[in-house]
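Report on the structure given below.
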Protein chains: 2
Amino acid sequence: MNTQFKKGVLDLCVLNQLIREDRYGYELTELISRELEVTAGTLYLILKRIKDDGYVTTYLRESDSGPARKYYHLTEKGRDYLQKQKAEWLEFLEKAGKLLA
Amino acid sequence: MNTQFKKGVLDLCVLNQLIREDRYGYELTELISRELEVTAGTLYLILKRIKDDGYVTTYLRESDSGPARKYYHLTEKGRDYLQKQKAEWLEFLEKAGKLLA
DNA sequence: AATTACTATATTGCAATACATAATAGTATG
DNA sequence: CATACTATTATGTATTGCAATATAGTAATT
């Protein structure tokens, strides 16, 4: 899969998984990679980024099947960002679509 | 406009403009930037890349309104590449779409 | 029981790629 | 001379890929 296509969209995919419920990193890795080829390293970098940007907050919770899980929670700022970026993405698709028609 | 969204798609947009006729760089810059925000520098880098990759050939032709124009011609290899990448792009959109729904 | 191996989970460093920005330069025309 | 047309290149930045590391449980093997 063309690596470049994912640039900028991957973080939206991640944020979008957090709309309804908090999830932990490993879980997100599995979820996303069901559709797109993504390695854990890439995912965790994205998680770090969206946390640094204030789009998510995190908290630890023990697991009964391994190390503690770090859960990610979408903030109001993250929700706003996601909404606006999704709109921009659709707008981009429309314009690019014209050039690719 | 989110800079990252364009990664990997811009060169397809350029190649796609060459399907029916040869075009020169400045012309392509104008064409593409009607839809997407792109500067000449970026466009010329892409043109250099797709030429190095053998997707286009070039030739000079004088203009009656300025310096000579460098025309870009899509090769058979470029046509193949474009077709495959467009298919991959659509496939990517479908998968990303699921994650963004 | 002790050792080993494997799964679940998180993190980090370095390399590669593509776009942005800005500067340069040459030709023709008003 | 100023401006529009045309092409090129250098430097910076952001995002992903790949690979390695680390830790805690669980299962398997000796």
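Sequence lines set the chain letters: A, B, ... in the order given, protein chains first and strands last, and positions in each chain run from 1. Hydrogens, waters and symmetry mates play no part in the numbers below; they use all other heavy atoms, side chains included.
The CG atom of B/L18 sits 8.0 Å away from the CG atom of B/L47 when rounded to the nearest 0.5 Å. Distance check: B/I32 CD1 to B/T42 OG1 gives 11.5 Å after rounding to the nearest 0.5 Å. The CZ atom of B/F92 sits 11.0 Å away from atom CD of A/E35, with the distance rounded to the nearest 0.5 Å.
Listed by first and then second residue, the side chain to side chain donor-acceptor pair (under 3.5 Å) pairs involving residues 7-21 of chain B are B/Q4-B/K7, B/N16-B/K86, B/E21-B/R23 (not counting sequence neighbours). A ring-ring contact (aromatic ring centres under 6.0 Å, His included) check over residues 25-54 of chain B, counting only residues at least two apart or in different chains, returns nothing.
Take B/K77 and apply the side-chain contact (heavy atoms from CB on, under 4.5 Å) test, not counting sequence neighbours, and it matches B/Y55, B/T75. The side-chain contact (heavy atoms from CB on, under 4.5 Å) search around B/K84 returns none, not counting sequence neighbours. Under the side-chain contact (heavy atoms from CB on, under 4.5 Å) criterion, B/E62 pairs with no residue at all, not counting sequence neighbours. Under the ring-ring contact (aromatic ring centres under 6.0 Å, His included) criterion, B/Y72 pairs with no residue, sequence neighbours left out. Partners of B/K6 under the side-chain hydrogen bond (donor to acceptor under 3.5 Å, both in side chains) rule, at least two apart in sequence or in another chain, do not exist in this structure.
A heavy atom closer than 4.0 Å to some atom of DNA chain D occurs in A/E37, A/T39, A/G41, A/T42, A/L45, A/I46, A/R49, these being the qualifying members of residues 29-60 of chain A. Interface residues of residues 4-18 of chain A facing DNA chain C, ordered by number: A/Q4, A/K7; criterion, heavy-atom separation under 4.0 Å. Residues of residues 83-101 of chain B having a heavy atom closer than 4.0 Å to DNA chain C: none are found.
The nucleotide range of DNA chain C contacted by chain A, defined by atoms under 4.0 angstrom from heavy atoms of the protein and reported 5' to 3', is C/dA8 to C/dA18.
Put simply, the side chain of A/S33 gets close to the backbone of A/T29: a donor and an acceptor are under 3.5 Å apart. Formation of a donor-acceptor pair under 3.5 Å by the B/E88 side chain with backbone atoms of A/N2 is found in this model. Listed for the B/E30 side chain is no donor-acceptor partner under 3.5 Å among the backbone atoms of B/E27.
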Checklist entry - Between A/K51 and A/T58, is a side-chain hydrogen bond (donor to acceptor under 3.5 Å, both in side chains) present by the stated rule, with each step listed? => result CA-CA 8 Å; A/K51 183 181 177 187; A/T58 64; 3.1 Å; yes

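Taking the charged nitrogens against the carboxylate oxygens, A/R49 and A/D53 have no contact shorter than 4.0 Å, which rules out a salt bridge.
Rounded to whole Å, atom C1' of D/dT6 lies 11 Å from atom OH of B/Y71. Protein atom CZ of B/R69 is 14 Å distant from nucleotide atom P of D/dT8, rounded to whole Å.
Axis angle between the ends of the helix from C/dA1-D/dT30 to C/dG30-D/dC1, five pairs each and rounded to 10 degrees, works out to 10°.
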